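Single-structure report; data block below.
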Amino acid sequence: MELRLDGKNALVTGASSGLGWRFATALAAAGARVAVAARRADRLQTLKAEIERAGGRAHAVTLDVTDVASVRAGVAAAAAALGPLDILVNNSGVSVTKRAGEIEETDYDFVMDTNAKGAFFVAQAAGRAMIAAKRPGRIINIASAAGLRALGQLSVYCMSKAAVIHMTRALALEWGRFGINVNALCPGYIETEINRDYWDTDGGRKLVALLPRRRVGKPEDLDGLLLLLASEHSGFVNGAVIAVDDGLTL
């Protein structure tokens, strides 16, 4: 079964690097028209050009998920450029690595404003647009294995991703009657451009040695579930929270 998204319009937040970049290219390769959103406009233009060189269609939207007005304007701009939204990949996320006793209020606000508040208002704006357009939709919230289990020195990050998980269930319950499926992916340790060098350090190697299969994932390891949840084949999947972590949460 080939998972195709031809004729679908998608929005990916946090698309300027890491997993968001991969999500956008995977959706475009499957035939979706993709609005790529983040704060770094230069990076978005590079991603847009990459997608178009591969034969896809993309539109860049400058969007700050911590600013509700920017979120609403960005979602509206994506729909104006591509047409009514069918898919949201709610991906923006940040982290602070500190012991719980060292967390400052600014650290807490930095993480929660993006990962919890930002994720909610992005989902709200996309959900409102889908309901107003009377179109079924797919919202895929990117949570984390850290929302399913505690990880050292990541207390606020864990809290924020647990909030995304419960938000997913709450929105699925409310919006299912409109044909909108809301699900969450919970990636484990995935190698990206941000953390790639870490895995070659002593600390990185020690961490890998503790993992169930002594390895970290690649962004493409998430492609299959992403495309399934974005497609019509996931019609009976709503409110699911899926760990994609190679057994980390076991």
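No experiment lies behind these values; they were computed from the predicted model shown. Excluded from the calculations below are hydrogen atoms, water molecules and symmetry mates; all remaining heavy atoms, backbone and side chain alike, are included.
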Apply side chain to side chain donor-acceptor pair (under 3.5 Å) to [X] and list each qualifying residue two or more places apart in sequence or on a separate chain.
X: Asn238; answer: none
X: Arg205; answer: Asp202
X: Asn183; answer: none
X: Glu232; answer: Lys8

Closest non-hydrogen atom pair between [X] and [Y], with its separation:
X: Val122; Y: Val71; result: CA-CG1, 3.7 Å
X: Ser231; Y: Leu5; result: CA-CD2, 3.7 Å
X: Arg33; Y: Leu82; result: O-CD1, 3.6 Å
X: Leu63; Y: Gly74; result: CD1-CA, 3.8 Å
X: Ala15; Y: Val36; result: CB-CB, 3.8 Å
X: Ala143; Y: Pro187; result: O-CD, 3.6 Å

Answer yes or no: is there a side-chain heavy-atom contact under 4.5 Å between [X] and [Y]?
X: Phe178; Y: Lys134; answer: no
X: Trp175; Y: Asn181; answer: no
X: Leu229; Y: Val237; answer: yes
X: Leu11; Y: Ile87; answer: no
X: Asn90; Y: Ile142; answer: no
X: Leu227; Y: Leu27; answer: yes
X: Val75; Y: Val61; answer: no

From Arg39 atom CZ to Leu44 atom CG, the distance as rounded to the nearest 0.5 Å
11.5 Å
Rounded to the nearest 0.5 angstrom, the CG-CG distance for Asp221 and Leu19 is 10.5 Å
Apart from [X] itself, what residues make up its hydrophobic cluster, given side-chain heavy atom links below 4.5 Å?
X: Leu148; answer: Ile165, Val241
X: Tyr198; answer: Leu151, Leu154, Tyr157, Tyr189, Trp199, Leu207, Val208, Leu211, Val216, Leu248
X: Phe110; answer: Val94, Val96, Ile103, Tyr108, Val111, Met112, Val156, Met159

Spell out, as yes or no, whether a donor-acceptor pair under 3.5 Å connects the side chain of [X] to the backbone of [Y].
X: Lys98; Y: Glu104; answer: no
X: Asn195; Y: Ile190; answer: yes
X: Ser234; Y: Leu228; answer: yes
X: Thr201; Y: Asp197; answer: no
X: Thr13; Y: Asn91; answer: yes

Could Glu52 and Arg57 be called an ion pair, given the rule that one side-chain N must be under 4.0 Å from one carboxylate O?
no
Tell me which pairs pass salt bridge (Lys or Arg N to Asp or Glu O under 4.0 Å) where either residue lies in [range], with sequence neighbours left out.
range: residues 120-131; result: none
range: residues 241-250; result: Arg213-Asp246, Arg215-Asp246
range: residues 61-86; result: Asp86-Arg135

Going through the distances and angles, do Glu193 and Arg43 end up as a salt bridge (charged side-chain N to carboxylate O under 4.0 Å, His left out)?
CA-CA 13 Å; Glu193 63 191 69; Arg43 294 278 296 171; 3.2 Å; yes
Verify side-chain hydrogen bond (donor to acceptor under 3.5 Å, both in side chains) between Thr168 and Asn141, making sure each step is shown before the conclusion.
CA-CA 7 Å; Thr168 296; Asn141 295 319; 2.9 Å; yes
Do you reckon Ile139 sits in the same ILVMFWY cluster as Leu85, going by side-chain contacts under 4.5 Å, direct or chained?
yes
Residues that Arg40 engages under salt bridge (Lys or Arg N to Asp or Glu O under 4.0 Å), provided they are two or more places apart
none
Considering residues at least two apart in sequence or located in another chain, which fulfil the salt bridge (Lys or Arg N to Asp or Glu O under 4.0 Å) criterion with Glu220?
none
